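Please read the structure below before turning to the comments.
Because the structure is predicted, anything quoted here is derived from the model rather than measured.
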Amino acid sequence: MTAAALIPYTAAMILDAIARKHSDCALVREVLVTDPDADRFASADAWVAAGRPGRMPQFEPTARRIDGLLFDGGQSRTAIEVKISRSDYLRETDAKRRVWRAITNRFVYATPAGLLRPDEIPDGCGLWEVDDAGRVTIVKRAKSNRNPEPVPHQVLVALAYRLKRKGTS
């Protein structure tokens, strides 16, 4: 039986373990970014080709949430997507990862130990496991994006407002 079956993990428990392991880093939880390309498939050509009548509706950009965004104090940013069940992981798509992989140096899945196999993790992504003692192990290293796009202004503003609400302005 795996640790995943022994302890009812929560995303908060997984992120707490990562925060302890990386105590010299800043871990920001639940960060949203707008994905301007999310609805690119809904172009006028695709709309017409699909046989949809009339005028194409206007689509709003899709917000993509990441469970944790880790800043190492240098220039490195890691997007952390926590999965506590296989069914949750099986709903993952490249579209959900795309914007975060573009603006961070690494994209990793963080799970209870034994939940996923390294060969199930998409190319370029990493796998960090948390065991029942709260230890974090890197099971599969993420490929480094050496030239990530800048963090969007909208994300920086959201982080600034979050700090202001905490009274640290």
Side-chain angles (χ1 to χ4, degrees), residues 1-38 40-41 61-156 158-159 162-163:
M1 192 175 266
T2 66
L6 298 174
I7 295 177
Y9 285 91
T10 64
M13 291 167 67
I14 300 288
L15 290 171
D16 288 347
I18 292 168
R20 283 190 302 275
K21 178 177 177 78
H22 296 281
S23 60
D24 58 336
C25 298
L27 176 61
V28 183
R29 298 169 192 232
E30 297 191 4
V31 181
L32 287 173
V33 67
T34 300
D35 183 353
D37 295 325
R40 183 173 28 182
F41 67 88
T62 300
R64 302 289 187 194
R65 183 184 60 81
I66 196 74
D67 294 307
L69 185 56
L70 187 71
F71 295 90
D72 76 355
Q75 302 260 334
S76 185
R77 304 181 295 264
T78 302
I80 302 167
E81 181 64 17
V82 176
K83 297 297 176 190
I84 57 171
S85 71
R86 286 193 62 75
S87 61
D88 185 20
Y89 175 74
L90 293 173
R91 288 189 298 270
E92 276 296 294
T93 65
D94 185 61
K96 290 181 179 180
R97 293 183 295 272
R98 181 185 54 241
V99 68
W100 287 106
R101 289 186 71 182
I103 65 171
T104 59
N105 300 90
R106 297 180 297 194
F107 184 100
V108 300
Y109 288 99
T111 69
L115 183 73
L116 302 174
R117 295 183 322 271
D119 64 327
E120 294 179 281
I121 304 303
D123 287 340
C125 299
L127 174 61
W128 295 357
E129 289 186 341
V130 177
D131 67 16
D132 58 354
R135 291 181 298 252
V136 178
T137 303
I138 299 172
V139 176
K140 179 180 179 184
R141 292 200 177 276
K143 182 179 178 188
S144 180
N145 175 4
R146 298 197 191 287
N147 297 302
E149 295 173 15
V151 174
H153 180 74
Q154 158 251 338
V155 172
L156 298 175
L159 295 176
R162 193 179 290 188
L163 286 172

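- Proximity of a side-chain donor or acceptor of Thr104 to a complementary backbone N or O of Phe107 within less than 3.5 Å is not detected.
- Distance alone, capped at 3.5 Å, places no donor-acceptor pair between the Thr137 side chain and the Val139 backbone.
- Nearest heavy atom pair, residue Trp100 against residue Arg64, reads NE1-O, 3.3 Å.
- Taking both residues in full, the closest heavy atoms of Ala17 and Gly134 are given as CB-O, 3.5 Å, listed atom of the first, atom of the second, then distance.
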Identify each donor-acceptor pair in which a side-chain atom of residues 115-129 lies under 3.5 Å from a protein atom, sequence neighbours left out, and give them as a table.
residue, atom, partner, partner atom, Å
Arg117, NE, Asp119, OD1, 3.0
Glu120, OE1, Arg86, NH1, 3.2
Glu120, OE1, Arg117, N, 2.6
Glu120, OE2, Arg86, NH1, 3.2
Glu120, OE2, Arg86, NH2, 2.6
Glu129, OE2, Gly114, N, 3.2

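- Arg91 pairs by the salt bridge (charged side-chain N to carboxylate O under 4.0 Å, His left out) definition with Asp88, not counting sequence neighbours.
- Residues Leu90 and Ser87 have side chains not in contact (no heavy-atom distance under 4.5 Å, counting atoms from C-beta outward).
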I'd like a table of donor-acceptor pairs (distance under 3.5 Å, sequence neighbours excluded) in which one partner is a side-chain atom from residues 24-33, with atom names and distances.
residue, atom, partner, partner atom, Å
Arg29, NH1, Asp16, OD1, 3.1
Arg29, NH2, Asp16, OD1, 2.7

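- Taking 4.5 Å as the limit, every side-chain heavy atom of His22 sits out of range of all side-chain heavy atoms of Phe71.
- Using a 4.0 Å cut-off between a side-chain N of Lys or Arg and a carboxylate O of Asp or Glu, Arg98 and Asp94 do not qualify as a salt bridge.
- If you run side-chain contact (heavy atoms from CB on, under 4.5 Å) between Pro112 and each of Ile14, Asp131, Val130, only Ile14 comes through.
- Rounding to the nearest 0.5 Å gives a distance of 10.0 Å between CZ of Arg97 and CD1 of Ile66.
- Among residues two or more places apart in sequence or in another chain, the salt bridge (charged side-chain N to carboxylate O under 4.0 Å, His left out) test is passed with Glu92 by Lys83.
- Under the side-chain contact (heavy atoms from CB on, under 4.5 Å) criterion, Asp67 pairs with Leu15, Arg65, Glu81, Val82, not counting sequence neighbours.
- Annotation: side chain of Ile84 is not in contact with side chain of Tyr89 (no heavy-atom distance under 4.5 Å).
- Between Pro148 and Asn145, the shortest heavy-atom distance links the atoms CD-O, 3.3 Å.
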Test log, rule side-chain hydrogen bond (donor to acceptor under 3.5 Å, both in side chains), inputs Thr78 and Arg106
CA-CA 5 Å; Thr78 302; Arg106 297 180 297 194; 2.7 Å; yes
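- At a threshold of 4.5 Å between non-hydrogen side-chain atoms, the residues Arg77 and Val151 count as touching.
- Evaluation of the side-chain contact (heavy atoms from CB on, under 4.5 Å) rule for Ala158 yields no partner, not counting sequence neighbours.
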